[in-house]
Amino acid sequence: MSGDGQGRDHWFDDEAGPVVRPYAMTRGRTTSAAQHRLDLIAVVVTETHAGDPEADQMLSPEHVDIVGLCRSAPQSVAELAAELDLPIGVVRVLVGDLVAKELVHVTRPVPPAELPDESILRNVINGLRAL
């Protein structure tokens, strides 16, 4: 028993509000169909034809929040997790749901190894100037 005079043992702060377990947000799922593409730097973009996600009764408030954040600017999976204060695994499952419903799509940043070499770009610029 704690010394709060009420005989209760608090394991959370009263200011924290209701505690929801991550698996409750994902309905117990730990993976999604798009899981293999959803690493920390994968960028989530709202589809241009996406309507109002709040109209879909199957979507949670977290789903709606993800669509809203990505509508204002594309967000990485890591940025979404930080902004929503959710575990990465939960965000991956929720984004996978949104991909399946065609409300968002996921893009991958171009790896530095696939970017053109700086010397090639300089040669192109110099060649254009010579014209």
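All residue numbers refer to positions in the sequence shown, counting from 1. All figures in this text were calculated on a predicted structure; none of them were measured in a lab.
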>> Could you report the tightest heavy-atom contact between Glu47 and Glu102, atom names first, then the distance?
In response: CG-O, 3.4 Å
>> One pair to check against side chain to side chain contact (heavy atoms under 4.5 Å, CB included): Leu59 and Lys101. What are the steps and the verdict?
In response: CA-CA 10 Å; Leu59 295 179; Lys101 290 189 171 281; 3.7 Å; yes
> Of the non-hydrogen atoms in Arg92 and Leu40, which two are nearest, and what is the gap between them?
Replying inline: NH2-N, 4.2 Å
> If you measure from CG on Leu94 to CG on Leu86, what distance do you get to the nearest 0.5 Å?
Replying inline: 7.0 Å
>> I'd like to check the side chain to side chain donor-acceptor pair (under 3.5 Å) partners of Glu83; sequence neighbours left out, ordered by chain and number.
In response: none
Show me the donor-acceptor pairs within less than 3.5 Å that the side chains of residues 118-125 make with the rest of the protein, sequence neighbours left out.
residue : atom : partner : partner atom : Å
Glu118  : OE2  : Arg122  : NE           : 3.1
Glu118  : OE2  : Arg122  : NH2          : 2.4
Ser119  : OG   : Asp117  : OD2          : 3.0
Asn123  : ND2  : Ser119  : O            : 3.3

> Linking I/L/V/M/F/W/Y whenever their side-chain heavy atoms sit closer than 4.5 Å, directly or via other members, would Leu84 and Val99 fall into one cluster?
Replying inline: yes
> How many angstroms lie between atom SG of Cys70 and atom CG of Leu103, to the nearest 0.5 angstrom?
Replying inline: 11.0 Å
>> Are Val43 and Leu69 linked, directly or through intermediate hydrophobic residues, by side-chain heavy-atom contacts shorter than 4.5 Å (ILVMFWY only)?
In response: no
> Quick one: side-chain contact (heavy atoms from CB on, under 4.5 Å) partners of Ala82, sequence neighbours excluded?
Replying inline: none
> Only one of Ile66, Val44, Val64, Thr46 clears side-chain contact (heavy atoms from CB on, under 4.5 Å) with Leu98; which?
Replying inline: Ile66
>> Which heavy atom of Ile88 sits nearest to which heavy atom of Ala78, and what is that distance?
In response: CD1-CA, 4.0 Å
>> Looking at every non-hydrogen atom in both residues, tell me the closest pair between Val45 and Pro74 and how far apart they are.
In response: CG2-CB, 3.9 Å
>> Restricting to non-hydrogen atoms, name the atom on Val95 and the atom on Val104 that form the minimum distance, rounded to 0.1 Å.
In response: O-CG2, 4.2 Å
